[in-house]
Structure formats: C-alpha cells, structure tokens
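Encoded as structure tokens, the structure appears first; notes follow it.
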There are 2 protein chains.
Amino acid sequence: MPVPKGSTLDPERTRATILQTATAVLYERGLDGIGVAELCARVGVSKETLYRHFGTKDGLVEAMLTARSERVTSWLEGVVAAAGDDPCHQLSAVFDALQQWYDDPVFRGCAMLNAAAQHHVEPVRAITARHLDRYLELLTGIAERAGAADPHLLGRQLLMLVEGATVVAAHQDGAGAGEHARQAALTLLSTASEAGDR
Amino acid sequence: MPVPKGSTLDPERTRATILQTATAVLYERGLDGIGVAELCARVGVSKETLYRHFGTKDGLVEAMLTARSERVTSWLEGVVAAAGDDPCHQLSAVFDALQQWYDDPVFRGCAMLNAAAQHHVEPVRAITARHLDRYLELLTGIAERAGAADPHLLGRQLLMLVEGATVVAAHQDGAGAGEHARQAALTLLSTASEAGDR
DNA sequence: CAAGGATGGTACCGATCGGTTCTATCCGAT
DNA sequence: ATCGGATAGAACCGATCGGTACCATCCTTG
C-alpha cells in the first residue's frame, strides 16, 4: 500500500481534518475573523502543514466552500429523494430540513452567502452562484413534477423563499421560519399547479 | 450664527460628507475590504477628522448602517404611501421599487446583511435585526389592510420573499427578480385574503 | 535498521492594520 | 487684527496579518 491510510501521517486524512475543523471555525468566526495562526491552533496543525495542503488561506476557503456546498446540496437532494413521489411532500420535506438546520445552535446563515458578502474575490462569488444554481435546479424539478404552468418561474420563487427564510432565521428569529416558508411555498405550488392543469 | 452652515469648515457638513462617501465605498469594497487610511483618501479627509467625528472605525460603520437603514426604510415607506389605498397595489409598488434597486449597477445586496455577515460585533447585529423588524412592520401592515387571515404570518412570509429576492438578485441574477417575487407575493396576499374573508 | 516524506513548533519576514500625535494652515467669529 | 476651532498631512505606534524557512521528530516503507 503506497499510502498508509488510517495513519496519523496520512496526508489525505490530514487534509480532511483541516477542512472539517476549519470549516466550523471559519463559519463561526467569519473568514476574516480569525488569523491563520489561531486557526491552525484550533485545528491542531502547523502552519506549514496547512499551507502545504491548501497553498493560501484563500485556497483553503475555496476548498472549504466547495466541499460545503456539495455536502449541503446533496443532503437536500437526499431529503427530496426520501420524500416519495408527491411534489408537495417533497417541497415540505425541504423546508422541514431547513427548519432543523435553523434550530441548530451553531446556525449562522448560509456559509456561501456569508463568505460572498465579505470576500469579494472571484472564486468565492462563483462558488456561491453555483450553489444557488443547484438549489434552483432542485426546486425547479419539484415545480416541473408538480405540473406548474411555468416551472422555471416557480422554481425561482421557491428559491427566494428558501433563501429568504434562511436570512430571516439567521438575523431575526429562527423559530418557525421553516414552517412559515413551507406554508407559503405550498400555496405557490398549488396555485401554479392549478394554473398548469387548466 | 454660531454654526457656519454651508462652509467647508462646518463640522456637520464634514460628518455628512464622510458618512455619505464612506457608505458608498464600504458597501462596494466590504467593511474589511478597505483600510482607514485609504478610506480617508477616498473621502478626501484626514484620519484625525474621521476619528474626531466617529471615534473608531466601528463607530463609523455603526453610524453608517443606522443612517442607511433609516434611509432605505423610509424610502420604502414612502413608496407604499404613494401607492394609494389598495394593499395589492402597495405590495406591487414595494417590489417594483426593489427591482429598481437591483438594476442599479452598484447594487451588491443588502448592506445590513452584508455587514452582519462579516462583522460579528453586537451593535451591527442589532442594527440588522432592527432593520428587518421595520421591514416586517411595513409588510405586516399591508397584510392587515388586505384582510389577511393571519397578517403576522403573511407579513413574515412577504419579508422572506423580499429578502430572498434581494439575495437572488445579488448573487445569481437580478433580472426580473423583483417581478418574480412580486407575482409570488400577490399570490400569497390574495390567497390569505380569501381565507380571511371567509 | 536506515531512509524519506509528513508533521509540529517556532522564529521570522515585510506589509498592513486601526489608532494617536504633532504641526502648519485656514476660516469664521469677535 | 486676532483668536480658536476645524482641518490636512504626515510621521509614528504596537499589534496583527498572511506567508516562509528551518529544524527536530515521528511514522511508514524498504
């Protein structure tokens, strides 16, 4: 075996650990809210190791956001897939899942949006846009299966509800935000489906 | 006259100039995206002057966000007031106004949300929460006048649409975001009003 | 046991940060 | 004419920033 998997000296494992811990810390403190030195201390790794794996702090941020976007999106896709065939049920499941997220004590809003708000560098903005695109795909799919008259329009409106609920939950009050958004979403879905059936 | 209004040495005028220019620059570059030295150069003022007026950079940020929140909110309140008595028309007017904002080339999302995403200091979060509260008040008022069954719920859902539309416009594509959100908002409004009439 | 890559720890680098202080200037009020 | 508050400009401060270099150590492979 060329690579000693499972060992503490496994580079891939080290990289994964950095990614995981750094993601949590940078989400909590903000991208510029903690320096590389303290970040390394929190992760339990030397600066040289961090820089060997990610090149620069921006490189770490980029890798982190990409991984997180992927994780979150496929989580939501799984939620939809597990919700059966009824589009209404699928949509409900999305907002129920979001509510669980909002109730997490470490919830601080969407990491991608937070990052894009502070870091004006181009890769971050691109990752954020791609993230929203995948959300949009997911929601448009539900709209299509529900027989909406204009599934792309409905998908975009549902995306606004998702993002708006996240903003409100993060900055005002998370209690019930998911449920309230779900009600609105179902109203939009049923209204659009009736129009599509006509 | 104790205060030489209109003079270049009028402290109030100086303060207002700093506030105005710094608001634009910090919105464009991000709160941590520009140092005090460069900021002063852009404003055309010395560091001592800036610090005499605002104490610290955070003080400037705080004053700036407070003023901007007030400006934006009363602008929207004016839009509603100018839209006549029909709640549907008032709601439409809000989203039309938002669309104008999204179309502004300097649009970069909600300044309060951007600030709260990067600066974890308490005053900023409080200003942001208060800002959302005033939005919520405005929208709940419309919901009440429309005879919604649950105006507070509808108000919150409309707030999510407003914030969601702003997020989508800022990070994905601003074209038509206001109109799409408006359609959704009117659907929610009419559905809730029918329920309220029963 | 020897060799080599991965690592932690630490010192260090230049740049920049927010903030302070000093001085010369300028303008309006008396 | 003079006085005082407001200002610009620049030097300066300690702290921190992102990033690099060096070395001792440890583990895995051969």
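Everything numeric in this text was worked out from a predicted model, so none of it was measured. FYI, side chains are in, hydrogens and waters are out, and symmetry mates aren't considered; it's all heavy atoms of this structure. Sequence lines set the chain letters: A, B, ... in the order given, protein chains first and strands last, and positions in each chain run from 1.
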The side chain of [X] is closest to which nucleotide in this list: [options]?
{"X": "R52(A)", "options": "dT7(C), dA8(D), dG19(C)", "value": "dT7(C)"}
{"X": "T49(B)", "options": "dT7(C), dT7(D), dT20(C)", "value": "dT7(D)"}
{"X": "V36(A)", "options": "dA6(D), dG18(D), dT7(C)", "value": "dG18(D)"}
{"X": "Y51(B)", "options": "dT7(D), dG18(D), dG18(C)", "value": "dG18(C)"}

So CZ of R68(B) and CD of Q20(B): to nearest 0.5 Å the spacing works out to 11.5 Å
E28(B)/R42(B) under salt bridge (charged side-chain N to carboxylate O under 4.0 Å, His left out): CA gap, chis, key distance, verdict = CA-CA 12 Å; E28(B) 177 194 347; R42(B) 291 281 296 264; 3.8 Å; yes
Whole-Å distance between [N] [atom2] and [X] [atom1]?
{"X": "E12(A)", "N": "dC27(D)", "atom1": "CD", "atom2": "P", "value": "20 Å"}
{"X": "I18(A)", "N": "dG8(C)", "atom1": "CD1", "atom2": "C1'", "value": "12 Å"}
{"X": "L50(B)", "N": "dG18(C)", "atom1": "CG", "atom2": "P", "value": "11 Å"}
{"X": "L60(A)", "N": "dG18(D)", "atom1": "CG", "atom2": "P", "value": "11 Å"}
{"X": "H53(A)", "N": "dG5(C)", "atom1": "NE2", "atom2": "P", "value": "15 Å"}
{"X": "L26(A)", "N": "dC17(D)", "atom1": "CG", "atom2": "P", "value": "13 Å"}
{"X": "L31(B)", "N": "dC17(C)", "atom1": "CG", "atom2": "P", "value": "14 Å"}
{"X": "F54(A)", "N": "dG19(D)", "atom1": "CZ", "atom2": "C1'", "value": "16 Å"}

Q: Ignoring backbone atoms, establish whether T56(B) has a side-chain N or O less than 4.0 Å from OP1 or OP2 of dG18(C).
A: no
Q. Does a side-chain N or O from T14(B) land closer than 4.0 Å to OP1 or OP2 of dT7(D), or not?
A. yes
Would V79(B) and L91(B) show up in the same hydrophobic cluster when neighbours are defined by side-chain heavy atoms closer than 4.5 Å? yes
query = Between the side chains of R15(A) and H53(A), does any donor sit under 3.5 Å from an acceptor?
reply = no
N/O donor-acceptor pair, side chain E48(B) with base dA6(D), under 3.5 angstrom: no
So for K47(A) and dG19(D), does any side-chain atom that can act as donor or acceptor lie under 3.5 Å from a complementary atom in the base?
yes
Next on the checklist: Under 6.0 Å from the ring centre and within 45 degrees of the ring axis: does the NZ or CZ of R130(A) meet both conditions for the six-membered ring of Y135(A)?
Outcome noted: no
Judged by nearest nucleotide, the residue sitting upstream toward the 5' end of DNA chain D, G55(A) or E38(A), is E38(A)
